[in-house]
Amino acid sequence: MSWTSPAADEDTALAAVTTLSLLWKVSRVTPAWHVPGQPGVRARLHAHLGHVGPPHD
């Protein structure tokens, strides 16, 4: 699955990807980019949804 995340800034985008990596196997996030005329930044990652992250107690 390819996912593009809108975020307020690069740190927020990285935090979202880090959280998703606890649930699924994900690629590194692409460098964030700004879309002219839209607030914030966007970043893309690829996730393998068949892989579940670490078990939770």
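The first residue of the sequence shown is numbered 1, and numbering continues consecutively from there.
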What is the minimum heavy-atom distance between H34 and G37, and which atoms define it?
NE2-N, 4.3 Å
Between A13 and A7, which heavy-atom pair has the shortest distance, and what is it?
N-CB, 3.7 Å
What closest approach, in Å, do L20 and L45 show between heavy atoms, and which atom pair accounts for it?
CD1-CD2, 4.1 Å
Under 4.5 Å side-chain linkage, directly or through intermediates, the cluster mates of W33:
V35
Examine distances only and state if a side-chain atom of T19 and a backbone atom of A15 form a donor-acceptor pair shorter than 3.5 Å.
yes
